[in-house]
Visitor: 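Sharing a structure here in structure tokens format.
Naming: A, B, ... by sequence-line order, numbering from 1 per chain. The figures here come from the full heavy-atom set of this structure, side chains too, leaving out hydrogens, waters and symmetry mates.
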Amino acid sequence: MMNYWLLKTEPSSFSFTDLVKARVTGWSGVRNYQARNILRDGMKRGDRALIYHSSAEPTAVMGEAEVVREGYPDPTQFDPDDDHYDPDSPPDAPRWFQVDVCALRALPHPVTLERIKRAPKLKDMLLIRRGMRLSVQPVTSAQYEEIVKLGKSPP
DNA sequence: GCCAACGTTGGC
DNA sequence: GCCAACGTTGGC
């Protein structure tokens with residue numbers, strides 16, 4: 001049973017292009033408990049994820065990725081030189097987790113937030129729920145397929 | 001456990 | 001840069 005997700009990233013720090021270049025990447029730096037629970041318990045090998053650019057021009061789903069390693073402790077929480085260092089995370093019971101993802105393919109036409117808001121089939125996406133800021137969130141298979149379909153044609 | 005103050009996210 | 005809508009922290 002495959003699950004579907006959406007991962008937000010700010011392209012100024014890590015873009016979908018960076019993911020393509022890196023091939024396999026640890027999705028590190030998530031510091032929200034709800035998102036942590038999804039990374040630790042929800043995401044399974046083979047699951048698919050939409051990669052979304054936030055705080056970008058335009059804000060849009062850029063491409064697809066696959067989960068290639070399930071949740072394990074995010075090493076950046078123990079690195080004092082890292083922006084996401086968490087001195088309160090116990091090494092024997094790490095607080096923050098990450099998965100590894102691999103880029104699958106770019107959408108030929110990135111699906112902008114504006115377009116998502118206009119698509120009737122996408123009206124229930126968590127992404128466009130008011131105040132919904134989760135950086136790791138579930139999507140339904142129908143929502144996932146609709147985004148991929150929209151991404152094949154210009155707006 | 002309540003809740004005010006504070007910090008963060010993220011669209012605009 | 002603004003600010004709404006959160007989430008977190010910490011005094012009580």
Visitor: If you look only at pairs with a residue in residues 76-89 of chain A, which of them pass as a salt bridge (charged side-chain N to carboxylate O under 4.0 Å, His left out), with sequence neighbours excluded?
Guide: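 Every salt bridge (charged side-chain N to carboxylate O under 4.0 Å, His left out) pair that includes a residue of residues 76-89 of chain A, provided the two are not neighbours, is Asp86(A)-Arg95(A).
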Visitor: What's in the same ILVMFWY side-chain cluster as Tyr33(A), cut-off under 4.5 Å, chained through other members?
Guide: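 Same cluster as Tyr33(A): Trp96(A).
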Visitor: Listing request: all side-chain hydrogen bond (donor to acceptor under 3.5 Å, both in side chains) pairs with a residue in residues 48-62 of chain A, at least two apart in sequence or in separate chains.
Guide: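 Output for this query is empty, none listed.
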Visitor: Short question: side chain of Arg69(A), backbone of Gly26(A) - any donor-acceptor pair under 3.5 Å?
Guide: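 Flag not set: sc Arg69(A) to bb Gly26(A) has no pair under 3.5 Å.
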Visitor: Minimum heavy-atom separation for Leu134(A) to Ala35(A), with atom names?
Guide: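 Of all heavy-atom pairs spanning Leu134(A) and Ala35(A), the closest is CD2-N, 3.7 Å.
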Visitor: Run through Leu150(A), Val139(A), Ile116(A) and flag the one making a side-chain contact (heavy atoms from CB on, under 4.5 Å) with Val61(A).
Guide: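 Only one option passes, and that is Ile116(A).
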Visitor: Atom pairs, N/O to N/O, protein against nucleotides 3-8 of chain B, distance under 3.5 Å?
Guide:
residue, atom, partner, partner atom, Å
dT8(B), O2, Arg133(A), NH1, 2.8

Visitor: Could you give the CD-to-P distance, from Glu10(A) to dC12(B), as a whole number of Å?
Guide: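 Taking CD of Glu10(A) and P of dC12(B), I get 15 Å after rounding.
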Visitor: Show every donor-acceptor pair shorter than 3.5 Å between a side-chain atom in residues 142-149 of chain A and any protein atom, with sequence neighbours excluded, or say none if there are none.
Guide:
residue, atom, partner, partner atom, Å
Gln143(A), OE1, Thr140(A), N, 2.9
Gln143(A), OE1, Thr140(A), OG1, 3.4
Tyr144(A), OH, Glu64(A), OE1, 2.7

Visitor: Donor-acceptor pair, distance only, cut-off 3.5 Å: does the side chain of Gln137(A) make one with the backbone of Leu127(A)?
Guide: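 Yes; at least one donor-acceptor contact below 3.5 Å.
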Visitor: Do any side-chain nitrogens or oxygens of Lys8(A) fall under 4.0 Å of OP1 or OP2 in dG10(B)?
Guide: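 Looking at the OP1 and OP2 atoms of dG10(B), one of them is under 4.0 Å from a side-chain N or O of Lys8(A).
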Visitor: Quantify the bending of the helix from dG1(B)-dC12(C) to dC12(B)-dG1(C) as the angle between its end axes, each fitted on five pairs, to 10°.
Guide: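 The helix from dG1(B)-dC12(C) to dC12(B)-dG1(C) shows an end-to-end axis angle of 10°.
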Visitor: Leu127(A) CG to dT9(B) P: how many Å, rounded?
Guide: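 From Leu127(A) CG to dT9(B) P: 16 Å.
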Visitor: Can you pull out the residues from residues 50-62 of chain A that lie within a 4.0 Å heavy-atom distance of DNA chain B?
Guide: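 When residues 50-62 of chain A is checked for heavy atoms under 4.0 Å from DNA chain B, the hits, listed by number, are Tyr52(A), Ser54(A), Ser55(A), Thr59(A).
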Visitor: Taking only residues two or more places apart in sequence or in another chain, which ones pass side chain to side chain donor-acceptor pair (under 3.5 Å) with Ser89(A)?
Guide: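 Partners of Ser89(A) by the side chain to side chain donor-acceptor pair (under 3.5 Å) criterion, ordered by chain and then number, come out as Gln77(A).
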Visitor: Strictly below 4.0 Å, heavy-atom distances to any atom of DNA chain B: list the hits from residues 111-125 of chain A, or just say none.
Guide: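 Within this stretch, Leu113(A), Lys117(A) sit under 4.0 Å of the strand.
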Visitor: Show me the pairs that pass salt bridge (charged side-chain N to carboxylate O under 4.0 Å, His left out) and involve residues 11-36 of chain A, at least two apart or across chains.
Guide: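 Listed once each, the pairs are Arg31(A)-Asp74(A).
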Visitor: Using every non-hydrogen atom in the two residues, find where Gly29(A) and Thr76(A) come nearest and quote the distance to one decimal.
Guide: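 Closest approach of Gly29(A) to Thr76(A), heavy atoms only: N-OG1, 4.1 Å.
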Visitor: For Arg40(A), enumerate each residue passing the salt bridge (Lys or Arg N to Asp or Glu O under 4.0 Å) test, keeping only those at least two apart in sequence or located in another chain.
Guide: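 Testing Arg40(A) for salt bridge (Lys or Arg N to Asp or Glu O under 4.0 Å), a comparison that skips the adjacent residues, returns none.
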Visitor: Please identify each residue that fulfils salt bridge (Lys or Arg N to Asp or Glu O under 4.0 Å) with Arg129(A), with sequence neighbours left out.
Guide: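 Arg129(A): no salt bridge (Lys or Arg N to Asp or Glu O under 4.0 Å) contacts found.
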